[in-house]
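Comments concern the structure below.
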2 protein chains.
Amino acid sequence: MEIDLTPLLATLEEEGVDGYLIDDDASDSDQRYVSGFTAPDAYQTLVTADGDVHLLVSGLEYGRATKEAEADSVTRRAAYDYQELLAEYGSYEGTVRTIATFLADHDVDSIAVPRNFPTGTADGLREQDLEVTVESEGVVEGIRARKTPWETNQIRATQEANEAAMAVAEELIATAEIEDDGTLVHGDEPLTSEDVTEEIEITLLRHGCALDETIVACGPDGADPHNRGSGTLEADELIVIDIFPRDKETGYFGDMTRTFARGDPGEEARRRYEVTEEAFEAALETVEAGVTGSDVHDAACDVIEEAGYDTLRSDPEAETGFIHSTGHGVGLDIHEQPSVAPTGGELEPGHVITIEPGIYDPEVGGVRIEDLVVVTEDGYENLTEYPIEL
Amino acid sequence: MEIDLTPLLATLEEEGVDGYLIDDDASDSDQRYVSGFTAPDAYQTLVTADGDVHLLVSGLEYGRATKEAEADSVTRRAAYDYQELLAEYGSYEGTVRTIATFLADHDVDSIAVPRNFPTGTADGLREQDLEVTVESEGVVEGIRARKTPWETNQIRATQEANEAAMAVAEELIATAEIEDDGTLVHGDEPLTSEDVTEEIEITLLRHGCALDETIVACGPDGADPHNRGSGTLEADELIVIDIFPRDKETGYFGDMTRTFARGDPGEEARRRYEVTEEAFEAALETVEAGVTGSDVHDAACDVIEEAGYDTLRSDPEAETGFIHSTGHGVGLDIHEQPSVAPTGGELEPGHVITIEPGIYDPEVGGVRIEDLVVVTEDGYENLTEYPIEL
């Protein structure tokens, strides 16, 4: 994939430094993105002022890196006498000296580094007379926020797996029987949040996706947006299901929430569902390049406040109502730029964002509806095709 | 869980600093271990010279942290005017100033930090006149290497899930039919590495475990210890299965490898299996507190070299034979201290290590046998109960 490092190069020029260095493993999404490579142990990616990308990797990763990485050069540590430096200076200083030699080899005397760059490496390089400054704006995260068409397709593919998992969850709830005490059961066994989560995870696995956590939250559990949910599912209650899987191959996330109910959750719950759906539609209609994340958030808040519920805009201390932001960017991280919140800046074509208003109250339960969309010049394209219906 | 921070406190005293600060999310195992808490976003853990542990967390995590964290105090950022500082100084400097206030509140003027501490925070705190030095020996990783009985039990539980997954994989291979061309099939479908991996993952999920990767490598694939394996499995070939799951709740890993074959892999393959098993037994017999990881590695190399195969000890450039180290520590990280390799230091009671010799050659395939054991004063206790048999 071709990535556009222009904003990073502009930063290097402004700061008057020779290069930008990342020292991390591929669990750091900036590292994975800039290097076009993944490895479980730390490696170094250098972007020089001419826009070239240079990798420094272990001998173990060298063969794979030369084949897979999207880099202008790949060098193995052994090329800089790594083992000799380790033997002479120990693992810590030996590694730092190897990196210093790699930088010198590319005529780099001064570097900018991300905020999370290891202090051990930064201080070590300074002792080797390198100039190290922190790039504090998160310029690479800004670049990552604007997805290429290829990236958007990867996110769409993950979202399709997500839809398959949501369908399995919905089916489990829809086909459960209702006991006299309102408990949902399958056969003789109560249907629990954990059961539904497990089937979601298995479906995602079969689609090449993994996830750390899923939310299947019934009744009062669903009224806390961060509660994962546990225990038996009940009829006549709202059940919030929020799934955010990651494709194991590409690393791109999907994200979707639906709210279900068996039996009758009550008039107030149904009203909240309608208001949430209206807020969802209003926010979506606002989305286009040039509007701010804050504008989109305001559109959702307008609807919810008008219906008589609190938001964090109307009451920053609110504990019920719409008590989170409207959305966030999604990509190699599940939460990334841009923000669809009071502080959210201008949306740009290629931004992939969630729209996920909700209304919460322990007395009634929680409602949340969430789709994933890509911002276009004059609106958005929805990457989600799952029906919205209580 | 009670943890023993004595070595860290000794380091603080040696360095003459007031405290040790971690600034990371719980994907950093040192953070998770010292704080006794997990959160997906960065939080700060301060160990003061008196051995007390103090947490600084977001408002979102505060309730859970006060309940769950094993800390002497938990403070929310808002207590240090976080929002006001953000508004005045922006997200980067505002956060740093909040941390500086937290440190001042605990009378800390100077801190040691881990090597991977964020340079953004380190440099920012220095601008607030904090003294920041890097602790370069990895003292917390050293503490983590010595497991408490509770931790050993968590690892044993993960290993039990691992055994269940290995049994499913073995059963799939054992019950496959063999086509005329040697392909393994179930029904009309060829049995692939990916199929077996999927069933392993599903079994682990049902046991509350997750994993990023599994190795199911047949024939020449298995001769490369880092190859995950792909495609149809064949009779008369060695099949290496290496599973390293993590319990989703506790975070502790298991790790086990077995080598299987359907049909007859040939006399040379069978001999290599016997030699590997002998090397495995020899290494295990060497394990006890006081011997070094290097001694254990030597015991495995002795057997393999004597049988006429190369090792990295006999030939550092070897590409066939025993071409990796004998083992590594396992805990909250899949690879951690101590090392069972040429550089491996003294084993201590409570160290949990793998013993995993292997012999590799693309012409014959790969053999590896791996158990997970805990080091005791006079030997080891094996945390693995899966039979060893080709």
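The structure displayed is predicted, hence computed values, not measured ones. Per chain, numbering begins at 1; letters A, B, ... match sequence-line order.
Within a 6.0 Å radius of CD in B:E127, no more than 12 heavy atoms belonging to other residues, nucleotides or ligands are found. A:E319 CD: 12 or fewer foreign heavy atoms inside a 6.0 Å radius. Within 6.0 Å of CD on B:E131 lie no more than 12 heavy atoms contributed by other residues, nucleotides or ligands.
A:L205 approaches B:L205 most closely through the heavy-atom pair CD1-CD1, 3.5 Å. Across every non-hydrogen atom of A:P118 and B:N116, the tightest pair is CB-CA, 3.8 Å.
Among residue pairs with one or both ends in residues 111-126 of chain B, those qualifying as salt bridge (Lys or Arg N to Asp or Glu O under 4.0 Å) are A:D123-B:R126, A:R126-B:D123, B:D123-B:R126; sequence neighbours excluded.
Once rounded to the nearest 0.5 Å, the distance linking NE2 of B:H226 with CD of A:E61 reads 7.5 Å.
Partners of B:E199 under the side chain to side chain contact (heavy atoms under 4.5 Å, CB included) rule, at least two apart in sequence or in another chain, are A:R206, B:V168, B:L172, B:I202. The ring pair (Phe, Tyr, Trp, His ring centres under 6.0 Å) search around A:H335 returns A:H328, not counting sequence neighbours.
Contacts of A:L60 with chain B are made by side-chain atoms alone, with heavy-atom separations under 4.5 Å and no backbone atom involved.
Side-chain contact between A:E201 and B:K248 is present, with at least one heavy-atom pair separated by less than 4.5 Å.
Within residues 87-96 of chain A, the residues having any heavy atom less than 4.5 Å from a heavy atom of chain B are, in residue-number order, A:S91, A:Y92.
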